[in-house]
J.: 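Let me begin by handing over the structure; questions about it come next.
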Amino acid sequence: MSDVVTNEVYARPIRIFHSVFALCMMTQLAVGELMDVPEVEKEYEASIQWVTSAIAHEAHHTPVVVGGAVEKTPGFEMHELLGLTIATLLLVRIILAMSSLPGANWRYLFPWLFAAGRKQLGQEVKLQVAGWKQIKLAAPEDGESVARSVHGLILLASVVMGVTGTLLFFGWSTTAPQVEWVEIVAEVHELVVGALEALLAAHILAVILHQRQGHDIISRIKPTA
Ligand code: HEM
């Protein structure tokens, strides 16, 4: 049932990518939750005091107004910088996904796109469902398609975050209320982050369970052999 054909499950570039990407993503999610977003509220648009309020993730801080613009907070600037770094990392992962390096190809990440992959997914789910109910996981080789589907969805959600984030980087205004397309893109950005967090929670829980069951999957993805 396993599609592992070599001892090396993940090629070295994927292992290095994972360490850098995981660190950037976890930092980014924390920064995104904590930062203040410099935003001009609509109700102040016609008023002289239109720059009096910045809102972000329910936090209420008095914004600093410099030269007619709401000043960006250090948290927001870090979010922008990390976001562009993550978008670049994702471009690297997309290039790797077109290679035949072990564990890199996009076909591994989206088994549900192919009839054989869907069949394997079905078999794995059937095999594992009783264990899941007892919070137990099958050996990694009996759950490759399920794990890879989760990894694929994590990367897909990250790409959506990266694309919407890059659009927001260029479209976000600190001097006027956001135009309609920016508001829509921001909504998608916020919606997808919820899905991404749920997938990451499942990913990290699965890693913990595998380790506790002695499957040592960490050694498959460690950057050092
Ligand atoms: C404490 C944090 C984390 C640990 C311990 C961890 C551990 C692992 C392990 C052990 C694997 C290999 C699974 C297998 O055996 O097939 C893996 C793969 C993967 N992880 Fe993580 N992970 C962490 C955080 C993250 C984060 C934050 C992300 C993304 C936002 C992420 C995305 C991925 C992806 C996409 C793969 C598949 C490799 C690839 O195709 O690029 N992981 N992780």
Side-chain angles (χ1 to χ4, degrees), residues 1-22 24-25 86-167 188-189 191-211 213 215-223 225:
M1 179 172 286
S2 166
D3 52 1
V4 180
V5 287
T6 67
N7 285 337
E8 191 187 29
V9 180
Y10 291 104
R12 178 65 71 86
I14 296 291
R15 295 160 175 246
I16 296 169
F17 167 86
H18 180 266
S19 294
V20 181
F21 185 64
C24 288
M25 286 296 281
I86 290 168
T88 312
L89 283 172
L90 283 167
L91 277 179
V92 172
R93 185 64 184 88
I94 289 169
I95 292 167
L96 288 171
M98 291 167 196
S99 77
S100 54
L101 289 169
N105 195 268
W106 65 274
R107 285 166 204 274
Y108 288 122
L109 294 164
F110 306 107
W112 41 271
L113 287 178
F114 308 96
R118 283 193 292 275
K119 191 171 163 215
Q120 189 173 341
L121 256 178
Q123 285 170 347
E124 287 180 10
V125 171
K126 223 159 119 187
L127 187 87
Q128 295 204 59
V129 85
W132 289 342
K133 284 184 195 153
Q134 295 160 16
I135 323 186
K136 276 195 186 143
L137 298 178
E141 59 272 21
D142 291 327
E144 292 289 349
S145 292
V146 174
R148 288 193 158 137
S149 299
V150 174
H151 301 157
L153 290 176
I154 288 175
L155 286 173
L156 200 63
S158 304
V159 167
V160 176
M161 294 301 290
V163 170
T164 52
T166 306
L167 288 172
V188 176
H189 196 70
L191 259 175
V192 174
V193 81
L196 182 58
E197 282 169 350
L199 286 163
L200 276 180
H203 177 59
I204 290 171
L205 178 67
V207 174
I208 293 170
L209 290 177
H210 274 304
Q211 291 302 117
Q213 289 177 232
H215 299 150
D216 191 23
I217 55 165
I218 297 271
S219 62
R220 292 156 53 124
I221 200 80
K222 265 198 321 207

J.: Output all residues satisfying side-chain hydrogen bond (donor to acceptor under 3.5 Å, both in side chains) with Trp132, sequence neighbours left out; order by chain, then residue number.
T.: Gln128
J.: Can you spot which of Leu89, Ile86, Val20 makes a side-chain contact (heavy atoms from CB on, under 4.5 Å) with Met25?
T.: Ile86
J.: Pairs of donor and acceptor atoms involving the side chains of residues 156-165, under 3.5 Å and at least two apart or interchain, shall be tabulated with distances.
T.:
{"unit_1": "Ser158", "atom_1": "OG", "unit_2": "Ile154", "atom_2": "O", "d": "2.7"}
{"unit_1": "Thr164", "atom_1": "OG1", "unit_2": "Val160", "atom_2": "O", "d": "2.7"}
{"unit_1": "Thr164", "atom_1": "OG1", "unit_2": "Met161", "atom_2": "O", "d": "3.1"}
{"unit_1": "Thr164", "atom_1": "OG1", "unit_2": "His189", "atom_2": "ND1", "d": "2.8"}

J.: Can you name the nearest heavy-atom pair linking Ala138 to His215, along with the distance?
T.: O-CE1, 3.6 Å
J.: Please find the pair of heavy atoms, one from Arg15 and one from Ile221, that lie closest to each other, and give the distance.
T.: CB-O, 3.4 Å
J.: Could you give the distance from CG (Leu153) to CZ (Arg148), rounded to the nearest 0.5 Å?
T.: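 Answer rounded to 0.5 Å: 14.5 Å.
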J.: Would you say that Leu90 contacts Phe21 through its side chain, given a criterion of any heavy-atom pair below 4.5 Å between the two side chains?
T.: yes
J.: Between Ile217 and Gln211, which heavy-atom pair has the shortest distance, and what is it?
T.: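 Shortest heavy-atom separation between Ile217 and Gln211 comes out as N-OE1, 2.8 Å.
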J.: For the CG atom of Leu121 and the NZ atom of Lys119, what is their distance to the nearest 0.5 Å?
T.: 12.5 Å
J.: Return the minimal non-hydrogen interatomic distance between Leu155 and Arg93, and the atom names on each side.
T.: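 In terms of heavy atoms, the two residues are closest at CD1-NE, 3.9 Å.
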J.: Can you check whether Asp142 reaches Glu124 side chain to side chain, under 4.5 Å on heavy atoms?
T.: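 Answer no - side chains too far apart.
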J.: Given Leu209 and Lys136, is the side chain to side chain contact (heavy atoms under 4.5 Å, CB included) satisfied, shown in steps?
T.: CA-CA 7 Å; Leu209 290 177; Lys136 276 195 186 143; over 6 Å; no
J.: From Leu101 CG over to Arg12 CZ, what is the distance, rounded to the nearest 0.5 angstrom?
T.: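 CZ of Arg12 is found 12.5 Å from CG of Leu101.
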J.: Nearest 0.5 Å please: distance from the CZ atom of Arg220 over to the CD1 atom of Ile14.
T.: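 The CD1 atom of Ile14 is 13.5 Å from CZ of Arg220, to the nearest 0.5 Å.
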J.: Distance from Met98 atom CE to Asn105 atom CG, nearest 0.5 Å?
T.: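 If we round to the nearest 0.5 Å, Met98:CE and Asn105:CG are 9.5 Å apart.
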J.: Looking only at atom types and distance, does a side-chain atom of Arg118 sit under 3.5 Å from a main-chain N or O of Trp112, one as donor and one as acceptor?
T.: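 Checking the backbone N and O of Trp112 against the side chain of Arg118, a donor-acceptor pair under 3.5 Å is found.
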J.: Give, for atom CG of Leu199 and atom CD of Glu197, the distance between the pair rounded to the nearest 0.5 Å.
T.: 10.5 Å
J.: Provide the closest heavy-atom pair for Pro111 versus Ser145 in the form atom of the first, atom of the second, distance.
T.: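 Result for this residue pair: CG-O, 3.7 Å.
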J.: How are the rings of His151 and His203 set relative to one another: parallel (under 30°), tilted (30 to 60°) or perpendicular (over 60°)?
T.: perpendicular
